[in-house]
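Step one of this worksheet: look at the structure below.
Every chain is numbered from 1 and lettered A, B, ... according to where its sequence line falls, protein lines coming before strand lines.
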Amino acid sequence: MTHVLSQAAVSSLGRWFARHARDLPWRRRRDLYAVWISEVMLQQTRVETVIPYYRDFLRRFPTLKRLASASLQDMLKAWEGLGYYSRARNLWQAARLVQTEFRGRIPADFSEFRSLPGVGEYIAAAVLSIGRGLALPVVDGNVLRVVCRWQGIATDIRLAAAKKNVRQFLQGIIPADSPGRFNEAMMELGALVCLPRVPLCGQCPLRRCCFALRHGKTGLLPVKSRKRPVPEYHVALAVITRESGEKGGGRIFIQQRPELGHLGGLWEFPGGKCRPGEKPEAAVGRECREELGVEIAALGRLAEVRHAYSHFKVHLHVFICRLRRGRIRTDRPHAWVRIDELQQYPFPGANHKFFPQLKEYFNT
DNA sequence: AAAACGTGGGA
DNA sequence: TTCCCAAGTTT
């Protein structure tokens, strides 16, 4: 029954998409590799943000084979600034697995492809429906919003049950002859018309059969619980320098973060959270003592920047420091670099916020 | 199930 | 400024 009633809506959606689909870079290539890269990049990330990264990435790593043979550092450098860096690590790992476990061919079987690191329900369905025409509905944030309004589903979309309901509904109406276009059309509708705050219902191909519109509930659907407030920390960082004149003069100490976990594999300056009541000046000395086994002298404040991560916020207090006593001892990969060499290493966005001041300091 | 996991843009 | 949001996955 649902199937028959939805037929007209699916056709209407298809016509709308034919007229309004954006000309996006990844829509010009339908091979699995290109679609896969785009879907990973688009995860929780805006289209406008992704476009330049996608172009650069495919220029740098034109094939899966090239990606698999690249170093993780090169991969992270290409990903720098995009965020959610586990995506990059997983994609790199997956590329290597395709080489070793699948003879270099990206598996077109759902279960096999889904088993690769970083490939979840969404990406597996998206890549294989768009790239291979498999009838697998995608359920992303857009689709969730569109279907909840269209069908009047009031389940909290943060819950797994909502995703399951929506997927089940879509599985019954996804056209077997063009599942990829249907999936793209649903997402495009969410991105261009069925907007979160002010949906443009007058332009919507589903307006004649939309539950939320008919009942005046577009503002109430989908139901989404609020996220709890995030903690805020003060962090003190040490830009440790070697004075010019001495051997290796004018260099800065940097270290690599552990590969797993927050900002894994990226580079940073030593430092850490201020304890309750502890001044940043004190924290920076303590952290260098604990992490590196050295006494430093803070010569002055370089910058103070704020940054919001996905699950907490920080005030960064950046100090220009000099080694006073001891030799740095650490198990982590590290380097003494010139200011003009910093750009060779991938750094988190929060660090980039004070790079201008850093350059200013070292070039004057 | 719920929390970890980045970043930039718009209201 | 603050909050929410964007083509999710992993643990």
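- For Glu121(A) and Arg114(A), the salt-bridge test passes: some basic side-chain N is under 4.0 Å from an acidic carboxylate O.
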Query raised in the report: When you look at Glu341(A) and Arg251(A), which way does the side-chain contact (heavy atoms from CB on, under 4.5 Å) test go after all the steps?
Result: CA-CA 10 Å; Glu341(A) 293 171 329; Arg251(A) 287 173 188 268; 3.8 Å; yes

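- Spacing of C1' atoms, dA1(B) relative to dA6(C), comes out at 23 Å, to the nearest Å.
- Ranked by how close their nearest DNA chain B nucleotide is to the 5' end, Gly264(A) and Ala161(A) are led by Ala161(A).
- Within the 4.0 Å cut-off from OP1 or OP2 of dG6(B), not a single side-chain nitrogen or oxygen of His311(A) is found.
- Counting non-hydrogen atoms under 4.0 angstrom, Leu24(A) reaches a base of the nucleic acid.
- Between Glu281(A) and Arg301(A) there is a salt bridge, with a side-chain nitrogen of the basic residue lying less than 4.0 Å from a carboxylate oxygen of the acidic one.
- Within the nucleic acid shown, Glu48(A) has no heavy atom closer than 4.0 Å to any nucleic acid atom.
- Between dT7(B) and His307(A), a contact under 4.0 Å exists linking OP1 or OP2 to a side-chain N or O.
- Here Val119(A) lies in heavy-atom contact (under 4.0 Å) with sugar-phosphate atoms only.
- In this structure, Ala308(A) reaches the bases: a heavy-atom distance under 4.0 Å links it to at least one base atom across the strands shown.
- Atom C1' of nucleotide dA2(B) and atom CD1 of Ile157(A) are separated by 16 Å, given to the nearest angstrom.
- Looking at heavy-atom distances under 4.0 Å, Lys353(A) makes no contact with the nucleic acid at all.
- Contact check, Arg197(A) against dC4(C): no side-chain N or O comes under 4.0 Å of OP1 or OP2.
- Trp26(A) comes within contact range of at least one nucleobase, with a heavy-atom separation under 4.0 Å.
- Between Glu188(A) and Arg19(A), no side-chain nitrogen of the basic residue sits less than 4.0 Å from a carboxylate oxygen of the acidic one, so the salt-bridge criterion is not met.
- For the pair Lys164(A) NZ and dG8(C) C1', the computed distance is 19 Å after rounding to whole Å.
- Of the side-chain N and O atoms in Lys163(A), none sit less than 4.0 angstrom from OP1 or OP2 of dT9(C).
- If you take atom P in dC4(C) and the same atom in dA3(B), they sit 15 Å apart, rounded to whole Å.
- When heavy atoms are screened at a 4.0 angstrom cut-off, Arg257(A) is found touching no nucleic acid atom at all.
- Atom NZ in Lys227(A) sits roughly 11 Å away from atom C1' in dG6(B) (whole-Å rounding).
- We find that OH of Tyr309(A) is positioned 23 Å from P of dA6(C), with the value rounded to whole Å.
- Here the C1' atom of nucleotide dG6(B) and the CD atom of Glu80(A) are 13 Å apart, to the nearest Å.
- Whole-Å rounding puts the Glu121(A) CD to dT9(C) P distance at 8 Å.
- In this structure, Ile123(A) atom CD1 and dA6(C) atom P are separated by 17 Å, rounded to whole Å.
- Toward the 5' end of DNA chain B, the nearer of the two residues Gly349(A) and Ala160(A), judged by each one's closest nucleotide, is Ala160(A).
- A distance of 6.0 Å or more separates the ring centres of Phe354(A) and His307(A).
- Using a cut-off of 4.0 Å between Lys/Arg side-chain N and Asp/Glu carboxylate O, Glu278(A) and Arg286(A) are scored as salt-bridged.
- Checked against dA2(B), dA6(C), dC5(B), the side chain of Ser310(A) finds its nearest nucleotide in dC5(B).
- When distances run from any side-chain atom of Arg114(A) to the nucleotides dT10(C), dG8(C), dA6(C), the shortest one goes to dT10(C).
- Taking CD1 of Ile157(A) as the start and CG of Asn165(A) as the end, the distance is 12.5 Å to the nearest 0.5 Å.
- For the segment residues 81-97 of chain A, residues with any heavy atom less than 4.0 angstrom from an atom of DNA chain B are, sorted by number, Gly81(A), Leu82(A), Gly83(A), Tyr84(A), Tyr85(A).
- Rounded to whole angstrom, the span from the CG atom of Leu195(A) across to the C1' atom of dA6(C) amounts to 12 Å.
- Between Tyr54(A) and Phe57(A), a ring centre-to-centre spacing not shorter than 6.0 Å is recorded.
- One finds a side-chain N or O of Arg145(A) lying less than 4.0 angstrom from the OP1 or OP2 phosphate oxygen of dA6(C).
- Taking the six-membered ring wherever Trp is involved, the centroid distance between the rings of His315(A) and Tyr233(A) does not fall below 6.0 Å.
- Residue-to-nucleotide contacts include no donor-acceptor pair under 3.5 Å from the side chain of Thr49(A) to the base of dG9(B).
- Proximity of Gln43(A) to the phosphate of dT9(C): no side-chain N or O atom is located under 4.0 Å from OP1 or OP2.
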